[in-house]
Every structure is written in C-alpha cells, then in structure tokens.
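Each remark here refers to the structure printed beneath this line.
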Amino acid sequence: MSAGEGGLDVPRAAGVELEGVTKSFGPNLALDGLSLDVPAGEFLVLLGPSGCGKTTVLRLVAGLEEPTRGVVRIGDQVMNGVDPKERDVAMVFQSYALYPHLSVRRNIEFPLRSRHVDARERMRLVAEVSSALQIGSLLDRKPAEISGGQRQRVALARAIVRRPRVFLMDEPLSNLDAQLRVEMRAELVELHQRLGSTILYVTHDQVEAMTMGDRIAIMNHGVLQQVDTPEKVHDRPANAFVAGFIGSPPMNILAGVVEPVTGDTAPARSPTPADRSVGGTDAGALVSVGMPGGSIPLGGPLAEAVLSRGLASVIVGVRPEHVSIDPAGSLAASVTLVESLGHERHVVCRLEAGQLVVARLAAREAVPRTGERVSLSFSAEHLQLFEPDTEARIDV
Amino acid sequence: MAAESHPGYGMRSHRSTLLRRLLRYVLLVATALVVAFPIYITVVNALLTPQQIAARPPTLFPLHPHWGAFASAFSTGHLGIFLRNSLIVTVTITLAELVTSALAGYAFAFVRFPFRRTVFFLCIATLMIPMEVTLVPNRETIVALGWFNSFPALIVPFLASGFGTFLFRQAFLGMPGDLRDAAALDGYGHWRFMTRVVLPMNRPVIGAFAVFAFLSAWNQYLWPLVVTETNGVRTVQIGLRQLQALSIDQTNIIFAGTVLAALPIFVILVVFQKQLVRGLTAGALKG
C-alpha cells in the first residue's frame with residue numbers, strides 16, 4: 001500500500017480543539033474542564049480506565065453529545081450546536097455498528113447515499129476502499145456472514161469511504177482476538193500514515209496506546225492527566241496515576257516518610273559500581289525515605305528537591321525493570337509470585353506492610369523461589385518522586 | 001468412533017432417539033387433530049344438508065357435497081356486503097395501526113422529549129382498561145360527533161394501538177444503540193434512519209403485529225354492533241349473527257357463512273405464517 005496508489009490519500013485532515021470542555025450527565029460529571037489541542041494529521045490516543053470520560057470526548061467531537069460548558073472546534077470552526085452530519089467526522093464503533101439488514105456493499109455506501117453521491121461514483125469509491133482493506137470479495141455478503149475481523153474492516157471502510165476530516169475510533173479492536181488485534185494495530189498505523197488524517201482513538205489498552213499514538217492523552221475521572229508522546233509519558237509521567245497506569249507491568253508506587261540522614265547513620269564504605277543504585281548503598285545520601293521493611297537513601301538533585309520543598313512524606317515510583325533483587329538491598333520483602341513470560345520474569349514481592357513491588361528480570365537471571373525472603377534495591381537514576389498531596393511529579 | 005468399537009451401544013442410542021422422535025410426532029399429530037377438528041367439521045357441515053347435519057351418527061366425509069349453502073349465504077345473508085365492509089374497516093385499521101405504532105414506538109425509543117416516560121406510561125395504561133369499560137362513553141362520543149352508523153365510527157377509534165406502540169418500542173430499543181449514532185454520523189436524520197434502518201431491521205415484529213391487528217379488527221363484534229344499525233356499514237361478524245337468526249332451520253348456511261367469514265384470516269395466516277412465528281419468537285431466539 002504505497003501512498004500514491006488509489007485516490008484515498010486526499011489530504012483533508014483538520015485539527016480538533018477542545019477548550020475548557022465540561023460535560024455532566026445529571027449529577028455525574030463525565031468531563032471536567034478538558035482542554036486538548038489535536039493538530040491536523042495527528043494520531044492521538046485517549047487512554048484511561050473505563051468510565052474516565054474518554055468515550056465522552058469522542059461523542060462530543062462527533063456531535064452525539066453537546067458540552068455542558070466549553071468549546072469544541074474542528075479545523076478552527078466552532079462546532080457547538082452543529083449537527084453530527086455537518087461536522088464531517090466519521091466514527092468507528094466498538095460494536096462496529098454495521099447495519100445487519102444491508103450487504104457489505106450497501107453498508108459501505110450508506111454514508112454516500114445520504115450525501116447523494118451518484119451511482120457510478122459510489123461504485124468507484126466502494127471498489128477503491130474495499131480493495132485497500134481487502135474486503136472486495138465480501139461485498140455481497142451480510143454482516144452476519146463474515147468474521148469479526150472482516151466486520152472490523154467493513155466498519156473502517158464505511159468510515160474511510162467518505163473521507164472525513166477527522167476519524168473517531170472507540171476501542172475498535174477490543175472485540176478482536178489477540179493475534180488479529182496485533183495485525184489490525186499495524187494496519188491502522190499504516191492506514192493513518194497513508195491517509196494523513198486526524199485520528200482520535202479511544203482505548204483502555206496501554207499497549208495499543210503506546211504502539212499506535214503520536215501522542216497519548218491519559219484521562220482519569222474526567223480529568224486530563226497528561227498529553228505527550230509515548231516515550232515522555234512512560235519516562236516522565238506527570239503524576240502518580242499516569243505512572244501507575246503506563247507500563248507493563250506498571251510502575252511500582254510506594255508511599256514513604258522522609259527522614260534526614262545524619263552523618264553517623266551512613267556506614268563508611270568504599271564506593272563500588274553498585275553505588276549507582278539506591279537501597280543498597282547510601283554514600284552521599286542526603287535523606288532517606290522510610291517505608292515498611294526498610295528505607296531507601298536519596299542523594300543528588302532528587303534529595304535536594306525533597307528538602308527544598310520541605311516534604312515530610314513523598315510518593316516513590318520505580319518501574320519494575322529498575323527494581324533488582326540484591327543481597328545488599330535495604331528493603332526487606334518476601335516473594336509471593338514469580339510469573340514467567342518466556343523472555344522475562346516478573347517477581348512479585350510483598351513489603352512488610354503488605355504493599356506489592358514487582359521486579360522485572362531477564363529470563364536468564366537467577367530467580368528466587370516463592371516465599372523466599374529477599375532484599376530489594378532500586379536504580380537511583382530511574383526513581384521518580386511525586387508530591388504526597390497532589391501526586392504531581394517532583395521535577396528535578 | 002464409539003459406534004465402531006461398541007456397535008450395540010450405538011444402535012441402541014440410535015433406536016432410542018428414533019422412538020423419542022416418534023413419540024413426539026404422535027403427540028403433535030394428536031394436538032393438531034384436537035385443534036383442527038372443529039374447523040374441519042365446520043367445513044364439512046357447510047357441504048351437507050340440514051338433515052344430514054342433524055343425523056346421528058354425524059357424517060364426517062361428505063361423499064356428495066352440496067355447494068349451494070355458500071350461494072345462499074350470499075343471497076339470504078347479504079354476506080357480500082358484510083365481507084366488503086369488514087375488508088374496508090380491517091385493512092384501514094391495520095394500515096393505520098402499523099403507521100401510528102411505528103411512529104410512536106420510534107419516538108418513544110429514539111426521540112428525547114419532555115415527559116417521555118409519563119406519556120409512554122399513559123400509552124400502555126390503555127392496555128389495562130377493558131374495552132367494555134369504555135364502550136358506553138365511546139359510543140356517546142361517536143353519536144355526539146355525528147358518526148353513528150358510519151365507517152368513521154368503526155375505524156377512527158382504532159387508528160392507534162397501545163399494544164402496537166409498546167411492541168414496536170420494545171423491539172426498537174432492542175436494537176444496538178450504536179446504530180443510531182452511526183446513522184447520525186452517516187448523515188441520516190430521524191425519518192431516514194427510521195425508514196432505512198429501523199423498519200427494515202424489524203420486519204418480523206412488524207409482520208407479526210400486522211397479522212395480529214388484522215385478526216383483532218376482523219373479529220370485532222361488540223363495538224360494530226353498538227355503533228351501527230344498518231347493513232350498509234355492518235361488518236361480517238354481525239352478518240353471521242343475523243344469518244344465524246335468519247336460517248335457524250338451515251344450519252348448513254350458517255356453517256357456510258362461518259367458513260366464508262374465516263377465509264380471509266386463513267389466507268392471511270398462511271401467507272404471513274413465517275413472519276408471525278419469527279416475530280413471536282424473535283426475542284427468544286436472539287437470546
């Protein structure tokens with residue numbers, strides 16, 4: 001599928017902008033003051049747990065709902081009060097929403113017929129889009145007579161055939177089996193590159209979000225938490241929620257009490273390569289963060305940030321790949337579960353107060369047995385700290 | 001495979017399913033006979049003379065059928081006019097109920113308007129009031145409107161149906177909600193969504209209701225009796241009653257009239273049988 005073939009790639013993408021959008025359904029606040037700017041041609045993934053308001057965003061852009069407050073713009077035009085059919089957006093539904101009494105061809109043609117496209121042009125457009133999506137041989141079948149993956153393609157074809165300015169996709173892959181989902185993921189990305197269109201894509205699957213999105217908007221309880229590239233969202237999460245939501249397995253989030261380090265509590269030792277991790281050695285530590293089972297020493301800019309803010313407690317985030325099982329570690333834990341994924345293992349450890357910490361180890365590394373007592377240490381340079389009240393990331 | 005290694009077992013299980021199937025068909029045939037016998041005997045009696053009907057034991061197989069009773073039903077009983085009247089009334093009511101129930105059912109299912117639930121409740125509340133309760137006030141209304149003894153008196157009170165509205169609303173609500181949204185984005189307003197998507201998708205229910213509406217309208221007796229007084233507008237069920245009074249000694253004519261009055265319903269049932277069964281079992285099958 002090269003960019004030049006067919007006539008699908010007419011660039012008519014438009015940007016989408018939401019400004020202070022609030023939406024409530026009776027007493028329930030679905031969206032709270034959401035501002036989001038999606039430039040034309042971007043693949044933006046809306047990610048969050050169910051009920052976080054991400055589908056509401058799509059419905060507001062589509063015009064299926066009107067915002068309680070705030071402004072929705074598509075291509076610089078204010079869309080509040082504009083009928084869905086005038087907005088020039090197409091939506092792909094989780095259920096596909098194909099018309100069961102119509103053939104695949106009639107389903108794809110459906111939006112064209114409402115726009116009074118003449119029969120010959122309709123034939124041409126359907127042929128073009130169905131060959132691009134490899135459903136040309138299914139045109140005379142009914143939706144009930146084709147597979148889930150094929151229905152997904154028909155739903156996509158129906159969206160693409162009228163060349164909307166914006167595509168809205170509401171968990172389009174969630175009804176497919178795992179293997180098909182991976183295939184369709186790649187195809188959707190390719191399709192986006194080919195069409196150059198703006199796509200707002202809703203999912204609760206962070207793997208989909210990380211692999212497909214130009215940027216990811218993470219939402220929770222109707223509030224936008226962070227919008228950024230997959231890398232930034234992963235490496236520099238804006239708050240503890242994002243940190244705990246992104247990553248597989250997600251980041252370990254631990255509450256700790258800040259304790260200043262006095263000179264004599266730090267045992268003198270000669271520096272070793274292991275000094276690059278915390279929890280093991282504490283040479284140069286300015287503060288330590290106490291948690292059940294021990295404490296982890298903090299040094300450098302992180303410690304300075306904690307001290308300068310005068311925080312008495314702090315939330316520590318550490319990704320499983322930065323947790324190691326280390327005899328010199330300063331956090332005591334017991335192993336509750338070892339999951340093997342073939343190429344890696346996840347060791348689930350329990351701290352004294354019952355908090356779980358997951359360590360991700362390569363398959364070749366020695367792994368403790370379930371029930372074994374271990375010591376954990378965290379890689380210092382990858383530690384993330386969050387404010388205890390706002391859960392916002394402490395930048396250093 | 002199991003049958004190969006244990007031939008006896010396979011044969012026995014085969015025999016028991018056969019036996020069970022046989023038993024099932026015997027039961028079905030017996031039930032069918034019980035249901036069909038009165039209909040059969042009505043047709044047979046229409047073909048016999050009054051003396052043959054009165055004779056005991058009864059004649060079950062008319063070897064020399066007399067077709068004259070059918071002609072007499074038309075001439076003595078004026079059945080032609082009654083059948084025509086019934087057809088006019090029934091077809092109009094059926095079409096009107098289909099249109100109004102589909103529109104109202106659609107509105108209750110897809111259009112947001114104030115007091116929607118209250119209005120819908122009022123609508124289905126009409127189902128709980130027996131027709132006999134409203135008979136007298138409704139007749140007064142018809143008389144006051146000057147419609148006594150006219151087709152409007154027979155038709156207008158039945159232009160809308162609480163049952164049809166309820167049935168269609170439930171069927172429409174059973175459709176996936178995304179379809180309305182998809183159609184809205186595809187550029188289809190309420191009218192075109194209804195005619196292009198909702199109605200075609202619900203053909204079985206609509207067919208079933210059409211048959212039901214036809215049957216109820218065709219079989220009406222009490223209401224037509226109290227709002228009409230001349231044969232020019234009276235319907236076939238009243239015609240039958242008159243026929244019975246006219247030909248007390250000619251029971252074969254009464255039977256012939258009954259057969260003629262039931263004929264349109266028979267035709268409708270045969271034609272729409274598939275739709276009716278699908279409509280009645282649609283919910284059960286979809287699961």
Side-chain angles (χ1 to χ4, degrees), chain A residues 25 55-56 58-66 74 82-103 106-117 142-144 151 154-162 164-172 175, chain B residues 98 102 105-107 109-118 168 170-210 272 274-275 277-279 281-287:
Chain A
F25 296 98
T55 296
T56 306
L58 286 199
R59 296 179 62 84
L60 286 167
V61 174
L64 297 170
E65 306 284 353
E66 281 296 320
I74 298 176
V82 175
D83 209 57
K85 65 170 184 275
E86 312 293 339
R87 297 195 181 196
D88 200 6
V89 300
M91 191 154 167
V92 179
F93 295 84
Q94 183 178 359
S95 65
Y96 315 140
L98 299 179
Y99 307 108
H101 61 298
L102 299 178
S103 65
R106 291 292 300 270
N107 261 287
I108 300 174
E109 278 183 348
F110 206 72
L112 300 177
R113 282 176 180 262
S114 81
R115 285 166 177 76
H116 308 293
V117 177
K142 291 275 173 68
R151 278 179 220 165
V154 175
L156 270 175
R158 185 177 66 185
I160 293 168
V161 74
R162 43 182 258 233
R165 292 189 297 171
V166 178
F167 284 97
L168 307 169
M169 303 193 181
D170 190 0
E171 310 208 13
N175 285 351
Chain B
L98 279 176
Y106 181 90
F110 291 109
V111 184
R112 288 186 219 173
F113 56 89
F115 305 111
R116 181 164 78 159
R117 286 171 59 95
T118 315
F168 285 179
Q170 297 313 105
F172 297 168
L173 284 179
M175 297 170 57
D178 285 346
L179 285 181
R180 172 70 200 123
D181 295 338
L185 285 162
D186 284 344
Y188 288 74
H190 280 303
W191 178 252
R192 287 205 297 177
F193 174 62
M194 183 175 87
T195 52
R196 306 275 173 89
V197 180
V198 176
L199 297 184
M201 271 180 70
N202 288 282
R203 235 175 300 175
V205 176
I206 293 166
F209 178 69
F272 287 99
K274 226 166 145 186
Q275 298 256 335
V277 173
R278 267 175 57 198
T281 56
L285 290 178
K286 265 186 219 151

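Within every chain, numbering begins at 1; the chains are lettered A, B, ... in the order of the sequence lines, protein sequences first and strands thereafter.
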Trace of the side chain to side chain contact (heavy atoms under 4.5 Å, CB included) decision for B/Arg196 with A/Leu102
CA-CA 10 Å; B/Arg196 306 275 173 89; A/Leu102 299 178; over 6 Å; no
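With B/Asp181 as reference, A/Arg59 is the one residue of A/Met91, A/Glu65, A/Arg59 to meet the side chain to side chain contact (heavy atoms under 4.5 Å, CB included) rule.
Residues B/Leu185 and A/Val89 come closest through the heavy atom pair CD2-CG2, 3.7 Å. The shortest heavy-atom contact between A/Lys85 and B/Gly187 is CB-CA, 3.4 Å.
Of the listed residues A/Arg162, A/Arg113, A/Arg87, A/His101, the one with more heavy-atom pairs under 4.5 angstrom with chain B than any other is A/His101. Contact count against chain B (heavy-atom pairs under 4.5 Å) is highest for A/Arg158 among A/Gln94, A/Glu86, A/Arg158.
Once rounded to the nearest 0.5 Å, the distance linking CG of B/Asp178 with OH of A/Tyr96 reads 12.0 Å. Remark: B/Asp186 CG to A/Tyr99 OH distance equals 4.0 Å, nearest 0.5 Å.
No side-chain donor-acceptor contact under 3.5 Å links A/Ser114 to the backbone of B/Tyr188.
In B/Arg203, the CZ atom is not crowded: 12 or fewer heavy atoms of neighbouring residues, nucleotides or ligands sit closer than 6.0 Å. For B/Phe115, the CZ atom is loosely surrounded, since the number of other residues' heavy atoms within 6.0 Å does not exceed 12.
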